[in-house]
Amino acid sequence: MNNTEQPAEKASAMQVAKAVFWSFLGIRKKDDLDRDAKMIKPHQVVIGGLIGGVIFVLSILTLVKVVTS
Amino acid sequence: MAVVQDVHGHHDHHPSGIMRWVTTTNHKDIGTMYLWFSFAMFLVGGFLAMGIRAELFMPGIQILEPELFNSFTTLHGLIMVFGAIMPAFVGLANWQVPLMIGAPDMAFARMNNWSFWLLPVAGMLLVSSFFVPGGAAAGGWTFYPPLSAQGGMGVDMMIFAVHILGASSIMGAINIITTILNMRAPGMTLMKMPMFVWTWLITAYLLVLVMPVLAGTVTMLLTDRHFGTSFFNAAGGGDPVLFQHIFWFFGHPEVYIMILPAFGIVSEIIPTFSRKPLFGYSSMVYATASIAILSCIVWAHHMFTVGMPTVGQLFFMYATMLIAVPTGVKVFNWTATMWRGSMTFETPMLFAIGFIFLFVIGGFSGVICAIVPIDIQVQDTYYVIAHFHYVLVSGALFAIFGAVYYWLPKWCGRMYDVKLANMHFWLSMIFFNVAFFVQHFLGLAGMPRRIPDYSLQFADFNMISSIGAFGFGLTQLFFLYIVIKCIRGGEKAADRPWEGGNTLEWTLPSPAPYHTFETPPVIK
Amino acid sequence: MTQGVTKINLEMLKKLLIFSVIMFGFGYALVPMYEKFCEVTGINNLLQPDVVDKNIKVDMTRTIAIELDANVRGLPWQFKPLQSNVKIHPGESLEVMYEISNVSDQEISGQAIPSYSPRFLEKYMKKFECFCFTKQVLKPGETRQMPVKFVIDPQIPVDVNTVTISYTFFALQPGK
């Protein structure tokens, strides 16, 4: 099973943020993806995704506030 | 490998006759039953659709009394969504997921059997609700209160059916997640999985996320009806609008539950017949995940007319329109996969291309509906009907047809009649557009949905639409004939009937033996 | 497959089942969350008096005809406005009276829910006092007259000349 191979090193918060950002757009370079797959752990993606989701919602809300004010 | 399988002689181990099907825990048997069940429900739902279109053939009330007409539209929606499309995808997952990841069976074989056999019970409940006093539920497939708080026994039967279908879906989803995460063949990392498996993994997560919410909603409805609670009852301090929020919190991800596996199927078929690997595999994975996440924060775009502050309307409008970005990435990737490929146009490929073409039309009308001022105009008109039939029929259903033709040679070891199958595609394609394209015009002109009668200016387009619908309905009986003909006496199919097919299932003999991958294959 | 995989699978099953149960609970948690949300954002406050600017100007140039309507759903009550229509200048405060009587021989409680036509009247209709803010309990045979005090905001669009205010009484279950 794939669980046996340990990630070489832990991913930095910046790297998770980048991966999450690109996932919202739906595009990712192959090399970066391979690095992501090796280094980022699932729980990091989940936490990153949740934070990303909140930021996403807040930024739309800000945009709406600007438009309606 | 075929020889090895036969020496083991597993074929003798299972009971024969009807008990084989009742007690089976084999993922292929269960997948087959899912597919036949969904086809049976597809015919029932189709019969209801024919009734609706027959009534709408001409202005005035001819065949169906208004109350019965409302039951027809309600049950047509429920049966097609929960009885036909969803079980068909689960059936395909049952057959293909273990074959594509090199697993011997699903993770929980016994639970798999159970989650299938819940379905016929729910199906019977829905169909028989037509014959109880008061008739079947008639408040629309979204069963908004206060209409669904009234109504007779038929509504209760519908609520129980939704409970049962929800339980079955949750069990199926848990099974699929566990199978995919824990039982992949050695060497198959997550990022080497076929797209169909990926889309199903994400779909299954969406299912366990929102199906329980639906179960909660219908439970509240049930206690409101019979046990004096007031979740949605305005008189008791409840709020019917709350129902709509909770329902669409489930309902919008549900839309993607019905389309993501279709994306997966198309992502398998297009590379095979373009003889090129899928363009941008990783971005496909990311786009799928992105669509799934976005789908959870856009629900209120179904409710622009119920009353909402402008800030809310704009928020949901912007969020909805942003979903077009990852969806566009997907369409781009499919097109880029075909670009300069050595394409051939076998039946599955025809359905896949038809899917892209028509799904894009449905996607665009979706973006149009997302714009608040337009949506307030077209809410509950035939424009919306046309929109979601473009994504559900020519989206989800065409993908299912494509998948059936793609994998039928593997399932039964025989080739379908290519000429007839291509004819099935072209007839479906033409009649579908005849039936539904004109509904855009009807909707823009203001014809409301769920109404058995209409004013005279809508007469011509309705007649055209009905003719298309009858043609589409008959074409699906033709599909049944093609499949039966294939099973009974099609030409023998090769192990790898499509030379471009590179996923694991094509390494197996055709038909796929009863037990496969008992020794896991090794992926380089 | 080996025993090990089955164990992993069972663990996974447990986690996913717990997750499903949590989501089932989340469906119910949406009910108080929704109420809190409406309270915080001020949507849907049917039961609170409105706060009105003291310096509101009466617009004597306009007159709005108000039609009063009353309905009862599932109650053995009679419910009617004492006057079926009134005329008002926007910005002027007005009191109208309604009358309910319990024609049954039981004590019954009910709650009135307002509705307005045109729908956006809700935004301009400011009520200081209303029988609809609380539940009404009527003894057998009791008759009661109840006021609604309100003002219509002069900001109301100029093309509105006639509006309808309607109240519907719903039965409350005992103990509510």
Side-chain angles (χ1 to χ4, degrees), chain A, chain B residues 101 103 180-193 202 205 263 277-298 309-333 336 372 520 523:
Chain A
M1 290 286 140
N2 60 324
N3 315 8
T4 50
E5 55 183 73
Q6 286 297 319
E9 53 185 305
K10 261 190 140 181
S12 65
M14 195 57 208
Q15 205 182 342
V16 179
K18 263 189 197 160
V20 169
F21 170 77
W22 284 108
S23 75
F24 272 77
L25 201 63
I27 308 173
R28 191 72 171 143
K29 243 192 254 164
K30 185 91 177 97
D31 296 352
D32 291 347
L33 180 95
D34 289 342
R35 220 181 51 231
D36 289 353
K38 269 208 203 84
M39 288 170 67
I40 303 179
K41 285 182 183 169
H43 71 266
Q44 286 178 305
V45 177
V46 172
I47 295 168
L50 284 177
I51 296 173
V54 171
I55 294 173
F56 180 75
V57 168
L58 288 180
S59 53
I60 299 183
L61 269 179
T62 318
L63 178 66
V64 169
K65 280 267 156 57
V66 169
V67 168
T68 50
S69 62
Chain B
I101 62 172
I180 296 175
L181 289 186
N182 290 353
M183 297 175 68
R184 297 190 308 278
M188 178 168 285
T189 57
L190 281 176
M191 290 318 270
K192 279 185 188 158
M193 292 195 313
I202 291 167
Y205 268 114
F263 288 169
L278 183 66
F279 181 88
Y281 168 88
S282 50
S283 53
M284 282 303 224
V285 174
Y286 274 71
T288 312
S290 172
I291 292 173
I293 295 170
L294 286 175
S295 76
C296 295
I297 55 160
V298 296
T310 316
V311 174
Q313 289 183 325
L314 285 179
F315 173 81
F316 287 109
M317 168 175 153
Y318 294 160
T320 305
M321 293 174 89
L322 283 172
I323 293 192
V325 175
T327 315
V329 167
K330 282 186 161 291
V331 173
F332 172 76
N333 281 349
V372 176
I523 321 294

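So that the names make sense, note that chain A is the first sequence line, chain B the second, and so on, each numbered from 1.
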Next item on the list: Find out whether A/Phe56 and B/Ile293 are in side-chain contact, i.e. whether some heavy atom of one side chain is under 4.5 Å from a heavy atom of the other.
Entry: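 Answer no - side chains too far apart.
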
Notebook entry, point to check: Side-chain contact, heavy-atom cut-off 4.5 Å: A/Leu61 with B/Val311?
Noted result: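 Yes; the side chains approach each other to less than 4.5 Å.
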
Note to self: Given heavy-atom pairs under 4.5 angstrom as the criterion, report whether the side chain, backbone, both or neither of A/Val57 touches chain B.
What the structure shows: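 Both parts, backbone and side chain.
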
Next item on the list: Mark yes when over 12 heavy atoms from residues, nucleotides or ligands other than A/Lys18 sit less than 6.0 Å from its NZ; otherwise mark no.
Entry: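 Atom NZ in A/Lys18 is not crowded, with 12 or fewer foreign heavy atoms closer than 6.0 Å.
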
Item checked: Interchain contact, B/Ala289 with chain A, by part (heavy-atom threshold 4.5 Å) ->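 For B/Ala289, neither part sits under 4.5 Å from chain A.
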
Notebook entry, point to check: Is it the backbone or the side chain of B/Ile291 that comes under 4.5 Å from a heavy atom of chain A, or both, or neither?
Noted result: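 The answer is neither part of B/Ile291.
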
Notebook entry, point to check: For chain A, which of B/Leu322, B/Thr288, B/Thr310, B/Val285 has the most heavy-atom pairs under 4.5 Å?
Noted result: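 Highest number of heavy-atom pairs under 4.5 Å: B/Leu322.
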
